[in-house]
Amino acid sequence: MQKIAIYPGSFDPVTNGHLDIVKRGLDIFDRIIVAILTNPGKAFLFTLEERLDMLHQSLQEIPNVEIDTFDGLLMDYAAQRNACGILRGLRAMSDFEYEFQMALMNRRLNREIQTVFLMTGLKWIYTSSSIIKQAAQFGGNIEGMVPPLVEEKLKQRYAQNTTAK
Ligand code: PNS
């Protein structure tokens, strides 16, 4: 039976750190479903469609990866997709408490699906979508931190200076 993992997140936008986790996750799982949480309550820089599009373009050459959206509980979605694992990247210490809390709650909700953390590559240890957006907003060089198409989208978005609804 195929071992399927869900890699959930906001992906606002996808970074090279995320792509690294997907590629390395495929050494463990047969198939990875990258799933964007549909959360209309949160303000994102990019719309859901834009985030989906950037993920599709960034991951198009990697086999055994699917991109999807979900709402409600992650564990309900994971069970519905027959996943055996939740994949998350772990960066510096600051991630730990949030990730630990979330993993414990998820385990309480469904003990049959294991959360697997991959240590983020050293190159990406202090990067995040938020910090990259901050740098991009003020014209900082973010080359190599995000796929080139995302770099372009960020430049365009900040030139327009708008926020997704
Ligand atoms: O990239 P993010 O924003 O850190 O991802 C957070 C995400 C989407 C993984 C998390 O918010 C989530 O799983 N939300 C779904 C709601 C849920 O299942 N909550 C209970 C577990 S805490």
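Start at 1 and go down the list; that is how both ligands and their atoms are numbered.
Residue, atom and distance of the protein heavy atom nearest to atom 3 (O) of ligand 1 are Ser10 OG, 2.6 Å. Of the protein's non-hydrogen atoms, the one nearest atom 20 (C) of ligand 1 is Leu73 CD2, 3.8 Å. Among all non-hydrogen protein atoms, the one lying nearest atom 16 (C) of ligand 1 is Gly72 O, 3.5 Å. From the protein, the heavy atom lying nearest to atom 21 (C) of ligand 1 is Asn106 OD1, 3.2 Å. Ranking protein heavy atoms by distance to atom 18 (O) of ligand 1, first place goes to Leu74 N, 2.8 Å. Looking from atom 14 (N) of ligand 1 to the surrounding protein, the closest heavy atom is Leu37 CD2, 3.8 Å. The nearest protein atom to atom 6 (C) of ligand 1, hydrogens excluded, is given as Tyr98 OH, 3.4 Å; this is a heavy-atom distance.
Around atom CD of Glu143, no more than 12 heavy atoms belonging to other residues, nucleotides or ligands sit under 6.0 Å away.
The line from OG1 of Thr69 to CZ of Phe11 is 12.5 Å long, rounded to the nearest 0.5 Å. Distance CG/Leu90 to OG1/Thr115: 11.5 Å, rounded to 0.5 Å.
Under 4.0 Å is where a charged nitrogen must lie from a carboxylate oxygen, and between Asp68 and Arg81 at least one such pair does. A salt bridge is defined here as a Lys NZ or Arg NE, NH1 or NH2 lying under 4.0 Å from an Asp or Glu carboxylate O, and Asp12 with Lys42 fails to meet this definition.
A donor-acceptor pair is defined here as one N or O able to donate and one able to accept, closer than 3.5 Å; no such pair exists between the side chain of Asp20 and the backbone of Asn16. Looking only at distances, a side-chain donor or acceptor of Asp30 sits under 3.5 Å from a matching main-chain atom of Lys3.
Judged by a 6.0 Å distance limit and a 45° cone about the ring axis, Arg51 is positioned over the six-membered ring of Phe44.
Residue-to-ligand polar distances keep Met105 apart from ligand 1: every N/O pair is separated by 3.5 Å or more.
For atom 12 (C) of ligand 1, the protein comes within 4.0 Å by no heavy atom at all.
Evaluated by nearest non-hydrogen atom to atom 5 (O) of ligand 1, the leading choice among Gly9, Ala35, Ala78 is Gly9.
Using a 4.0 Å cut-off between heavy atoms, Arg88 contacts ligand 1 through its side chain alone, with no backbone atom that close.
Heavy-atom proximity to Met102, at under 4.0 Å, picks out these atoms of ligand 1: 10 (C), 22 (S).
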